[in-house]
Every structure is written in structure tokens, then in C-alpha cells.
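To find a chain, count down the sequence lines: A is the first, B the second, and so on, and within it residues start at 1.
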There are 2 protein chains.
Amino acid sequence: MPAGFTSEDMKKLDEVVATRRRIKQGDMLFGNGDAFTSLYAIRTGFFKTCVSTEDGREQVTGFQMAGEIIGLDGIVTDHHSCNAVALEDAEVCVMPFAKVEDLSREFPLLQRHVHKIMSREIVRENSVMMLLGNMRAEERLAAFLLNLVQRLHARGFSQSELTLRMSREEIGSYLGMKLETVSRAFSKFSDEGIIEVKQRYVHILKPDALKKIFNPQTCI
Amino acid sequence: MPAGFTSEDMKKLDEVVATRRRIKQGDMLFGNGDAFTSLYAIRTGFFKTCVSTEDGREQVTGFQMAGEIIGLDGIVTDHHSCNAVALEDAEVCVMPFAKVEDLSREFPLLQRHVHKIMSREIVRENSVMMLLGNMRAEERLAAFLLNLVQRLHARGFSQSELTLRMSREEIGSYLGMKLETVSRAFSKFSDEGIIEVKQRYVHILKPDALKKIFNPQTCI
DNA sequence: ATCATCATTTGATATGAATCAAGATGTTTT
DNA sequence: AAAACATCTTGATTCATATCAAATGATGAT
């Protein structure tokens, strides 16, 4: 939440995030077809969002961590069009969207904030399209790992070590490749001494080498 | 614009779309890095939006037609992160975003409308991710054609005939495949009598066959 | 009208990732 | 602790699409 509010403002704003909800690992926060009522701000834990076709194919559309907002997909039709599943025990703030809209009209800073969150999601999805449309398996995985540590680092975690919350299959679904291909790319990076992998633990030894794989141009 | 406004309201709302701008075929409405000031409502013409990497790879992120809004990518950083190029001579309404926000606070219906537009774009990109991550070349092209005619039909055009505004290469970029593969998929559909193609003119002879390719389950 | 340029189609071949399959490692249950 | 199950790794093979190449068809310029 941005700065620039009086304590009286804050009291009103706090109201919108008054309700909390705990979600156990593997449980759904909301699912495709559910009525949309609220946005959710992740307080703790880790989520994936995914869409699926009638014939059962699933596409992970994102991984979300503390501080990020999920549920924006529900606004347009008043129903969610994806599933949000907790990849570890989680807690979210339930933000009734009607309240968010009411307060947005009262507080321009909040209004701007909401717009930026939605725009950020659009821009993120644009870059995932670039990933899926133009890049090869190893480039995708490099980009994925760099993005994850960067976000974790912004939250005070290490910029070189991380524990993946998702399976190889979920990574593959997000990156448009099969789990075997994900595994092979991990092994290749490991063989080359770029990372150290032990199941879901990953240690990035040569971040620049990863960046070079992701984008050969920027690191000549 | 949704209904439910008095004529006095409408006068205020008209103000936001007072400015128009013409863009010639091939010209950019806005480009990556440009300062963000406005959203654009397409009045006439046809656009593509695309992102590109430093090493020159380009990904078309969408094709937009009359009645659709472009520029949402610029909100989050105050700078655009993609290029919007006119694929035919076009005219847009320039909607200064500051004005949109001001009026959104005054008119809840407008506020809701803006939120829905952004949410719709997020949901659209989710389904493009599904396309790119999970589907094969012919499924992608079938989905693309069905989506295009459906949008054109909603605007009063034929639901079976269309003239593509984009090249095979641009279609390929959007769908994550090479122009030769796009061409072969067109030829295959044509050989099977599903469509008739002559350069950029496409006549859909068997829409159900296309739907079946796109999603084998729904049309048993 | 002719030439030059660009877009599209089609064929032959190469290649990256999928698929199939088995084994290894790790986790949970009994 | 052993058994059952899920996840991950690795190898062999197949397949869809990319790449390379050439011909055809459209479009614009002189």
C-alpha cells in the first residue's frame, strides 16, 4: 500500500483488508466458474493459478507469492476463469471488490494503485507470451529462475538460493514444456556449473551465465 | 460505453474522448519506452501490439480492432512496454488517463467499465498462454480464426468470411510458430475443405470442423 | 507496361522437444 | 522399518515444427 494517507484514511483502508483466510497446501482459494466477489492479497504462502481446457489440458498461468494480488481474472464476467491453488499453507487478505471500488473513488492513490496492479499483470503476461512464443527450453528456464530469485530477493530472501514450491511438471506447464525437458535443462545447467540443484533446492552459482542464456545480447 | 447516464453526465464523459488521432498504415501509435499519457479507443482500423527483446526477436501480443482499447500496458510504469502499429489506416480516440481516472471516481459505472476492460485483457492473455503452452500448430490457427470471425461478427461483419489484416509472419509471431508453418496449416485446412483461402481472404466453410480441431471434446 | 520487391506456398532436410520406458530418489503410510 | 506412492532423472526413439531453399504470385515504383 502506497504512502500519503492520514491515520484517519488508514482506518478506512484497513477495513478493506479486515478479513483473512487460511488455505492449506493443495487447496483451492477460488476456482474456474466460482462467483467473483473479492481480490486476495497474499500474506504468506505461495500460489499457482491455472486455466484448463474441457479435454483436461492444464496451463499454469502464474506463480504468486507474498504481497501479490490474485483474483483479477474474475472482474470481467463476475466469475473466476482460473483456479488458484496453494502450493504451501497460505494466508490471504480477502478484499471485497465492491469495497475496493468504493474506496478507490474516495482515494485517488488507492485508485492508481489498483490500476497499476492490473497493468503490471498485463505486462507480465506479455513477457510470458514472449517466453512461450520465441524462446527455447533452456532460455525459458533461465528466465524463470531469474524472475523467481529476483522476486524473492525483493522480499528479503537470498538472491542466489531458493527452494522451489512447485513440481517439475508445474514449472513445465508454466513454461510450455514437458517435465522431462525441465529436468534435463536443470541437469544441463548443473553440469555446466551454473547452478547447483538438489530436488527443489536451487543454488544459483553463476547468475550472469543464466542471464546470458536468457538474453545473449545484454551480457556480451 | 455502458448505459445509465443522464445527458449531463454524457457531456462530461464525451470530453474524455474529445481528441482524435489518425494513424497511417504501418505507423506506430505508441512504442516501447514512450511516456504513457493516454489510453486509445480504436474507432476504425486494425492494430497489432508487440514486444521485442534486445536481440531483435519480436512477439505479437495481440491484434485489436474497432471498439477495443489499447495502451493499458503503460499504466504500471508510466511508460509503454510494447509497440502499437496500425495494420491499416486507423483512427483512435485519445483518452488522457488522468481524465479517465478523474471521471472514474465520479461515475461508478465508468469505473467498473475500466476495471472490466483490464480484467478482460488479463483473461485474454491467459487463454493465449494456454494456446502457446499446450496446443499444436493447427489447433492454434483454428482458435485464432474462430476468435477473429467471432469478434468481426460481433461488429456486424460476416461470420464466415474475413480479410486478414496481418501477414503470415505476424500471425505466426502471435501464435508462436514460423510463417511457413502458418502457411502449411492454411493449406491443410483448405485441402480438407474446411476453409477457402486466397492470400488474405479467408472463407470458413465448415466452422464446426474448425471448432473440433480447436477443441475435440466440445464437438463430439 | 516492366522491373523490382515483398508475401506466400511448397518441398526437402534438420533439430529440439515430446514420448516412451526404466530406474533412482524421496516421502508418506502402515 | 518396510511397503507403497509420488517425484525426479536419464536414456532411446519418434515426431512436430524449424530451417533451408526454390518457385510462384502479388504489389508498388519507375
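Residue Arg140(B) is out of contact with every strand shown, counting any heavy-atom pair closer than 4.0 Å. Using a 4.0 Å heavy-atom cutoff across all strands shown, Lys198(A) reaches sugar-phosphate atoms only and no base atom.
The interatomic distance linking Gln25(A) (CD) with dT28(C) (C1') rounds to 13 Å, in whole Å. As rounded to whole Å, 10 Å separates atom P of dT9(D) from atom CZ of Arg200(A). Note: OH (Tyr201(B)) to C1' (dA26(D)) measures 18 Å, nearest angstrom. Taking atom CG on Leu141(A) and atom P on dA17(C), their separation rounds to 12 Å, with Å as the unit. One atom, CZ of Phe186(B), and another, P of dT8(C), lie 9 Å apart when rounded to the nearest Å. Residue Leu132(A) contributes atom CG, which lies 13 Å from atom P of dA17(C) at whole-angstrom precision. Here dC5(D) presents its P atom at 19 Å from CD of Glu169(A), a figure rounded to the nearest Å. Regarding Glu196(B), its CD atom lies at a distance of 13 Å from the P atom of dT9(C), rounded to whole Å.
At dT10(D), one or more side-chain N or O atoms of Ser187(A) fall inside 4.0 Å of OP1 or OP2 (strictly under the cut-off).
Under the side chain to side chain contact (heavy atoms under 4.5 Å, CB included) test applied with Met130(B), the options Val51(A), Thr61(A), Val60(A), Leu132(A) reduce to a single match, Val51(A).
Neither side chain, Glu196(B) nor Tyr201(B), offers a donor N or O lying under 3.5 Å from an acceptor on the other.
A donor-acceptor pair under 3.5 Å is formed between the side chain of Arg140(B) and the backbone N or O of Met135(B). Between the side chain of Ser160(B) and the backbone N or O of His203(B), no donor-acceptor pair lies under 3.5 Å.
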Name the atoms and distances for all side-chain donor-acceptor pairs under 3.5 Å in residues 13-39 of chain B, with sequence neighbours left out.
| residue | atom | partner | partner atom | Å |
| --- | --- | --- | --- | --- |
| Arg21(B) | NH2 | Leu29(B) | O | 3.3 |
| Gln25(B) | NE2 | Leu87(B) | O | 3.2 |
| Asp34(B) | OD2 | Gly31(B) | N | 2.7 |

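Contacts with DNA chain D (heavy atom under 4.0 Å) in residues 171-183 of chain A: Leu179(A), Glu180(A), Ser183(A), listed by number.
Sorted by first and then second residue, the pairs that involve residues 120-136 of chain B and meet side-chain hydrogen bond (donor to acceptor under 3.5 Å, both in side chains), not counting sequence neighbours, are Gln59(A)-Asn134(B), Glu121(B)-Arg124(B), Arg124(B)-Tyr174(B). Listed by first and then second residue, the side-chain hydrogen bond (donor to acceptor under 3.5 Å, both in side chains) pairs that reach into residues 70-89 of chain B are Asp73(B)-His80(B), Glu88(B)-Arg165(B), sequence neighbours excluded.
Axis deviation across the helix from dA1(C)-dT30(D) to dT30(C)-dA1(D) amounts to 50°, comparing end segments of five pairs, rounded to 10 degrees.
In this model, a side-chain donor or acceptor of Arg184(A) finds a partner on the base of dG11(D) within 3.5 Å.
For Lys206(A), there are no salt bridge (charged side-chain N to carboxylate O under 4.0 Å, His left out) partners, not counting sequence neighbours.
Taking OG1 from Thr163(B) and CZ from Phe157(B), the interatomic distance works out to 9.5 Å, rounded to the nearest 0.5 Å.
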